[in-house]
Amino acid sequence: MLLVSHVRRWRAWLLNSAGPGVGASADAATTDAVQLSVLRVVLLISVLLCGALSLHVAISGLVQGRWMAVGIMSAVMLLVLLAVRNSGVEPRRGAALLVAAIYTSSVGILVSTGWSPVLSSMGYVFAYAAPLVAGLLLSWRLALALMLLNTIGFALASSGLVWPQLPQEWVRLPAASFYIHTGVYAFFNVALPLAVYRLSAGMRASQAELRRSLQLSEDVFQAVSAPTLVCTGDDRILRANMRFMQMLDSAEEAALVGQPVARILHQGDRQARELMPAGWRTGIGRRWWLGHSVEPRAVVLRSCRQAAAGLWVYSFEDETPLLRAQSDLAESMRRERQASRVDPVTGLPNRLRCSRLLSHLSRRDAGQRCRALLTIRINNLRQLNARFGVDGGDQALRSFVQSLLRQLPGGCVAARVRASVIAVVWHPVDQEVQALAHVQALREALPVQTWIDGQLAALDLSFGLVCLGHEGAGMSAVVDGAEWLRRSELALDLATDPRWRLRFDGIGMFNAQTGAQVNRAMAIEAALPHALSHGELHLIFQPKFDRSQSLLGFEALARWRSGSIGDISPVDFIPAAEASGLITQLTDWAMDAACAQLARWHTQGAHALTVAVNLSAHDLERADLCERVLATVRRHGLAPAALQLEVTESALAQREDAALEQLRHLRAAGFSLAVDDFGTGYSSLAKMVDLPLDVIKIDRSFLRDCPGDARRERVVRSIVMLAHGLKLEVIAEGVETPLQQSFLHALGVQGLQGYLLGRPEPAAHWSALIASDTLPA
């Protein structure tokens with residue numbers, strides 16, 4: 001292993017392998033390493049040769065007294081050793097010493113072998129080899145100088161001149177011929193061939209390294225992210241990297257080589273393709289257009305630098321994606337602005353655009369002209385969406401809008417202001433009557449059915465109308481568009497909400513009268529919570545008598561005297577309570593107040609009296625209704641039978657199953673149940689069989705013109721017969737004349753209630769009569 005290690009170390013020293021490098025400095029280092037390796041190869045052979053010969057010459061010279069031969073050989077050996085010493089630190093000095101050793105050997109042979117022309121010529125051979133060694137190891141200039149020097153020797157040799165010879169007894173040794181032939185053999189047959197081979201191998205390695213360097217440079221050139229061109233001084237393309245070719249949508253770089261840059265780059269926009277100016281290199285950051293296709297690419301010159309050999313390197317940046325992104329963003333913003341003004345389903349202006357139009361018209365036409373704003377609602381659009389899907393509902397909506405647009409006169413603008421509401425800004429009209437006539441004509445022309453996926457579906461339409469700028473509207477002439485739309489939608493509510501009683505042939509109109517009604521309703525709704533919490537509500541009681549004029553009990557009726565609004569009828573505040581979700585709180589208050597008053601009457605000795613309290617449809621939806629009512633009567637020390645609960649037919653019809661279940665719980669708890677306003681609701685008489693009822697109250701509307709009206713008499717008689725057949729008690733409301741009283745007595749009606757017998761009065765009025773036992777008989 002030690003021998004192998006030494007061999008490897010000597011081999012590394014001898015070959016002096018250069019590490020891999022990149023660029024000109026690496027190439028120079030590789031060349032220097034190869035030259036040093038060649039020098040060491042020659043020196044190694046020379047050391048071995050001279051060492052062996054010097055040893056032999058020294059021994060022979062000393063024995064024979066040939067001191068000059070020993071001196072010549074020692075000088076050569078000294079020069080070779082000095083060359084070896086300097087080969088590591090100063091390679092060029094070592095190479096010069098080697099050349100000196102060669103010339104010393106040459107001169108030594110020439111001055112010591114004149115006795116043998118053949119051996120003498122060997123000295124010239126050594127001299128002739130010196131330029132080769134100098135060219136390999138030093139420079140071609142020195143080699144040329146040595147060639148010229150050897151020309152002198154060649155001329156002398158050609159003329160037959162014999163160099164001055166040293167005495168044979170000084171230098172001649174018996175083995176001189178062997179020494180000279182051995183030196184020539186070793187130098188020319190071993191040292192120089194090995195040196196040339198090493199030089200050739202080194203050059204091949206240098207070429208391979210150069211190819212790797214060139215390939216790396218090519219890879220870097222192709223892989224650089226910036227599109228890059230290499231051009232000649234007159235701006236003809238020499239190279240283009242892959243990124244540039246991709247930007248040009250081309251794969252053939254050869255087709256570009258030699259072409260002027262102006263052939264592919266031009267100024268202006270996509271249409272105005274101007275030639276590049278001569279000083280375009282100074283336009284760093286300027287935009288150019290690349291290519292001559294329909295859609296050339298936008299590029300910006302980012303850098304321009306001069307390379308070796310007068311070449312120019314241009315780097316570009318492709319701005320095409322940025323321009324496309326900016327264009328897409330602009331288009332997206334345009335579409336967004338369009339979407340912010342246009343309904344995507346119908347293509348009509350949306351609520352915002354309609355509001356702005358109304359604001360503009362209101363300001364422009366203030367006090368001059370009147371415009372009608374019509375709103376049309378498809379009431380069953382949600383049902384159509386549920387039945388046919390959203391696409392089917394959109395299809396129905398688009399079909400209706402198209403029919404509407406065909407019927408609208410010129411100057412009208414339609415807009416979709418809500419999912420199911422279309423607004424129409426009508427052309428100027430003279431008065432409300434004219435606008436109403438236009439709307440009625442339009443309503444008759446519009447379809448009430450449409451085809452959806454091959455099926456015929458009905459359209460349930462509502463119409464609302466408000467006039468802009470009309471004095472009768474009871475509003476200022478200049479109102480913003482949002483307020484006009486709000487009023488137009490209130491007009492829709494006037495057409496469909498049963499609370500509003502002011503409609504014009506099915507068309508809700510928002511004007512001074514309806515506006516006041518709506519404003520009052522909103523004020524009532526806003527004030528109701530304060531009324532419940534601050535005791536503004538109170539009860540009055542209307543008596544009920546049996547056939548013998550005995551007092552059966554009372555019906556509790558809520559009344560409201562508002563500090564800000566004044567007296568408010570139940571016809572107004574009960575719907576407001578239902579709309580605001582306060583109806584259950586109103587019921588709880590009325591029930592508690594009625595039970596409290598009934599308990600006071602019981603303490604006065606009127607233990608047989610009962611009080612009736614009305615329940616709404618919302619009350620019947622309360623899961624804890626029965627528990628609440630029981631807690632109320634127990635809190636006041638009353639039996640459940642003392643409280644009669646009245647429900648209307650319409651309340652029972654809204655959720656029949658839930659209402660039936662609630663009534664069964666209440667009946668099982670001991671409460672008396674009555675159907676109020678019987679005959680005015682929507683439930684059939686057959687359903688009355690299943691209801692757990694105790695009392696049927698005939699609505700006052702059936703007693704109008706009765707007796708005397710045969711049809712009404714038959715209805716009342718049928719109701720009484722039905723109730724008796726079901727073993728139910730019958731109470732008639734609205735008894736106002738003795739004839740009505742006699743008629744009802746004849747039919748067997750058990751209870752009567754009306755102004756004839758007693759008007760609704762506060763509890764104090766009835767308390768005084770109960771205490772004095774002077775109730776009306």
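Counting begins at 1 with the first residue of the sequence. Values reported hereafter were calculated over all heavy atoms of this structure, with side chains retained and with hydrogens, waters and symmetry mates removed.
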Which heavy atom of L301 sits nearest to which heavy atom of S303, and what is that distance? CD1-O, 3.5 Å
Distance from R353 atom CZ to L358 atom CG, nearest 0.5 Å? 12.5 Å
Answer yes or no: is there a donor N or O on one side and an acceptor on the other, between the side chain of S355 and the main chain of A482, under 3.5 Å? yes
List the steps and the verdict of side-chain contact (heavy atoms from CB on, under 4.5 Å) for Q259 and R236. CA-CA 5 Å; Q259 298 290 334; R236 289 186 175 272; 5.9 Å; no
Are the side chains of R416 and V421 in contact, using a 4.5 Å heavy-atom criterion? no
Are C304 and W312 side-chain neighbours, meaning at least one heavy-atom pair lies under 4.5 Å? yes
Any side-chain heavy-atom pair from L442 and L408 closer than 4.5 angstrom? yes
Heavy atoms only: give me the nearest I452-A457 pair and the separation to one decimal. CD1-CB, 4.1 Å
Salt-bridge test for E489 and R377: reply yes if a basic N is under 4.0 Å from a carboxylate O, no otherwise. no
Within this structure, what is the CG-CE distance for the pair L142 and M147, rounded to the nearest 0.5 Å? 10.0 Å
Once rounded to the nearest 0.5 Å, what's the spacing between atom CD of Q395 and atom CZ of F388? 9.0 Å
Tell me, with the steps shown, if R356 and S359 meet side-chain hydrogen bond (donor to acceptor under 3.5 Å, both in side chains). CA-CA 5 Å; R356 291 176 177 175; S359 298; over 6 Å; no
Taking atom CZ as the centre, does R382 end up with more than 12 heavy-atom neighbours from other residues, nucleotides or ligands that are less than 6.0 angstrom away? no
Taking all non-hydrogen atoms of both residues, which atom of L485 and which atom of A423 are closest, and how far apart? CD2-CB, 4.4 Å
Any donor-acceptor N/O pair, N380 side chain to Q383 backbone, under 3.5 Å: no
Would you check if I376 and F400 make a side-chain contact, meaning some heavy-atom pair closer than 4.5 Å? yes
Under 3.5 Å, is there a donor-acceptor pair between the side chain of N241 and the main chain of T228? yes
So how far is it from D391 CG to D453 CG, rounded to the nearest 0.5 Å? 8.5 Å
Heavy-atom distance under 4.5 Å between the side chains of L348 and L405, does that happen here? yes
Contact check, side chains of L322 and R324, non-hydrogen atoms, under 4.5 Å: no
Enter the distance from R398:CZ to T346:OG1 here, rounded to the nearest 0.5 Å. 9.0 Å
Locate the shortest heavy-atom distance separating L361 from V425; write the atom from each residue and the value. CD1-CG1, 3.7 Å
When you check the gap from the basic side-chain N to the acidic O, do E317 and R243 get nearer than 4.0 Å? no
CA sep, side-chain torsions, deciding dist, call: F244, I237, side-chain contact (heavy atoms from CB on, under 4.5 Å): CA-CA 12 Å; F244 190 92; I237 299 174; 5.7 Å; no
In Å, rounded to the nearest 0.5 Å, how long is the span from CD1 of I378 to CG of L459? 6.0 Å
Can you tell me which residue among I422, V417, V424 is in a side-chain contact (heavy atoms from CB on, under 4.5 Å) with C354? V417
How close do G464 and L374 get, counting heavy atoms only, and between which atoms? O-CD1, 3.2 Å
Between T375 and S488 (side chain of the first, backbone of the second, donor and acceptor by atom type, cut-off under 3.5 Å), is there such a pair? yes
So, do W451 and S399 sit near enough that their side-chain heavy atoms are less than 4.5 Å apart? no
Quick check: do V299 and E319 have side-chain heavy atoms less than 4.5 Å from each other? no
Might you point out which heavy atoms bring F316 and A226 nearest each other, and give the distance in Å? O-CB, 3.9 Å
